[in-house]
**Q** 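Pasting in a structure now, in structure tokens, and then I'll have a few things to ask.
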Number of protein chains: 2
Amino acid sequence: MTTDTNLKKRISESTIHRLSMYFRTLSLLEKEGFDTVSSKELAKREKLTPAQVRKDLSFFGSFGTRGLGYDVGELKGKIAEILGINRVWRIAVVGIGNIGSALVSYKEFTRQGFHIVKLFDNDQRKIGSNHKGITVSDIQNLEKEIRDANIEMVILTVPATVAQYMVDDVVRAGVKAILNFAPINLKVPPDVYLRNENMSMELEYLSFAIMNNHTPKNVR
Amino acid sequence: MTTDTNLKKRISESTIHRLSMYFRTLSLLEKEGFDTVSSKELAKREKLTPAQVRKDLSFFGSFGTRGLGYDVGELKGKIAEILGINRVWRIAVVGIGNIGSALVSYKEFTRQGFHIVKLFDNDQRKIGSNHKGITVSDIQNLEKEIRDANIEMVILTVPATVAQYMVDDVVRAGVKAILNFAPINLKVPPDVYLRNENMSMELEYLSFAIMNNHTPKNVR
DNA sequence: AATTACATGTGAATTGCTTCACAAGAAATA
DNA sequence: TATTTCTTGTGAAGCAATTCACATGTAATT
């Protein structure tokens, strides 16, 4: 094991999130016809400091040209490589309720290389139905179908009451990354990455901010 | 202006987010029949340290009993008060596409006191249609209808291309808190709170984590 | 009533993240 | 070619968040 490999483990979550933001902004800059961009300009668009932008990038290499800035297309490519989105990820959505079926049509996922290719539900009325060209499978066959379809990530949009059972199934199918929308703390083995999307949390932050005149505004 | 008021401005965003998590877990503990809970148990459920839990709470007062822990119902109430969710917030959803209409049926919002009471769209086919008992209004009348309905927060689920125009309208209507789902950096006046919900970001984090064996697992 | 066990609340220490400040280098200009 | 201008990349400093460690206090037990 090299020192370089260990280095990557020290990257903070905030840095990764900011890389996502840079990537999106670089895509926009590209569309707007910019060839190069400075850390100053990038920072302005993200409401960050130029130093923050440069420091974030410096963890992964030196991609800029002194006096000139960064080549938009090149930096976009580098960040895609760092984030692992310079490829297609095969994703399954488990739970085809309101949120689940909305996500199937969410174009931003596709744009970033996240391709939803499998859908699962336990409701007989939903099984066999079609969403954006994908047929909903019975959750009973989850393990086999996930393996056969080479699914690498799962988006979980089932009721909180059954979420843990579904996670257990998904883990058994060998999936190592789960994005959970159920408002509950799930257990996964240490080699599985679990992220929680909690939409109420953001409204609660807004509620707190209004009530307390909280200062760090317009963030995230 | 007292010193106490200024103190609140020093609370970190992470602390607020953790309060949201504590609130949800306390609701669950209540349902499970627990009368009291220790910082140790709370921490275990959130995958945090007990010190973190106690420190977070200490910013707002001392709610526990030494040797015993916290009264579940009481602490839940205190946190609701701190977050400002011991009341009903009147919310409008602007943009009744896939995500927007999914959120109208999202029960977790209602459970936390976030009541969606107005819907807006610019599509003639959607205007006048009914979602969970709410009729979709024409976005043309946004300012007047938002004022008349005493809307305090807006959830923005419109395409990125029109998001800034919609925000401008919403701000003109006097709304001070916006939760934006469009993947774009919006401008708002300094007295308006804007939060961005970026679902791709979480998938990108998972992608990075898998590719780099990133260590801080199972967080958030 | 005294003792033991337990858990809070909080300064202090530590760790981690952000910003500063500047040397180094590249491009544009004269 | 020399000079000026601009911007990166990065150690060091500064700031913020987390964890430690323990004094303080309550409840349960004997």
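Note that the coordinates shown come from a computational prediction; the quantities given were computed from them, not determined experimentally. So you know, we letter chains A, B, ... as the sequences are listed, proteins then strands, and number each from 1.
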**Q** With respect to the side chain of B:K55, which nucleotide from C:dC20, D:dG9, C:dT10 is positioned closest?
**A** C:dT10

**Q** Please report the distance, rounded to the nearest Å, between CZ in B:F59 and C1' in D:dT19.
**A** 12 Å

**Q** Closer than 4.0 angstrom, basic N to acidic O: yes or no for A:R45 and A:E32?
**A** yes

**Q** Starting from P on C:dT8, measure out to CG on B:L75 and report it in whole angstrom.
**A** 10 Å

**Q** Find the distance B:D71:CG to D:dT26:P and express it as a whole number of Å.
**A**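 After rounding, the reported distance stands at 16 Å.
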
**Q** Rounded to whole Å, how long is the line connecting atom CD1 of A:I11 with atom C1' of C:dT18?
**A** 15 Å

**Q** If you pin A:T65 and A:Q52 to their nearest nucleotides in DNA chain C, which one's is more 5'?
**A**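 Closest to the 5' end, via its nearest nucleotide, is A:Q52.
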
**Q** Mind checking if B:K40 touches a base, just sugar-phosphate, or nothing, with heavy atoms under 4.0 Å?
**A** nothing

**Q** Ion pair present between B:R18 and B:E46, side-chain N to carboxylate O less than 4.0 angstrom?
**A** no

**Q** What is the separation between atom NE2 on B:H17 and atom P on D:dA16, rounded to the nearest whole Å?
**A** 19 Å

**Q** Does any donor-acceptor pair link the side chain of A:R54 with the base of D:dT8 at a separation under 3.5 Å?
**A**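 For A:R54, whose side chain was compared with the base of D:dT8, there is no donor-acceptor pair (under 3.5 Å).
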
**Q** Side-chain N or O of B:R18 less than 4.0 angstrom from OP1 or OP2 on D:dT18?
**A** yes

**Q** Let me know the distance between NZ of A:K47 and P of C:dT18, rounded to the nearest Å.
**A** 18 Å

**Q** Any salt bridge linking B:E143 with B:R147? Criterion: basic side-chain nitrogen under 4.0 Å from a carboxylate oxygen.
**A**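 Between B:R147 and B:E143 there is a salt bridge, with a charged N closer than 4.0 Å to a carboxylate O.
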
**Q** Kindly say if A:Y70 contacts the phosphate of C:dA26, meaning a side-chain N or O under 4.0 Å from OP1 or OP2.
**A** no

**Q** Select from A:T15 and A:R66 the residue whose nearest nucleotide in DNA chain C is closer to the 5' end of that strand.
**A** A:T15

**Q** So does B:T49 get a side-chain nitrogen or oxygen closer than 4.0 Å to the phosphate oxygens (OP1/OP2) of D:dT18?
**A** no

**Q** Inspect the contact between A:E202 and B:R195 and indicate whether a charged nitrogen and a carboxylate oxygen are less than 4.0 angstrom apart.
**A**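 A:E202 and B:R195: salt-bridged.
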
**Q** B:L57 CG to C:dT8 P: how many Å, rounded?
**A**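 That distance rounds to 9 Å.
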
**Q** DNA chain D: A:G64 or A:G67, which has the more 5' nearest nucleotide?
**A**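 The residue mapped nearer the 5' terminus is A:G67.
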
**Q** Do A:R111 and A:E108 sit within salt-bridge range, that is, some charged N less than 4.0 Å from a carboxylate O?
**A** yes

**Q** Rounded to the nearest Å, what distance is computed from the CG atom of residue A:L68 to the C1' atom of nucleotide D:dT8?
**A**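 Computing the A:L68:CG to D:dT8:C1' distance gives 10 Å.
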
**Q** Please check the phosphate of D:dT8 (OP1 and OP2 only) for any side-chain N or O of A:S39 closer than 4.0 Å.
**A**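 Yes, because at least one side-chain N or O of A:S39 sits under 4.0 Å from OP1 or OP2 of D:dT8.
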
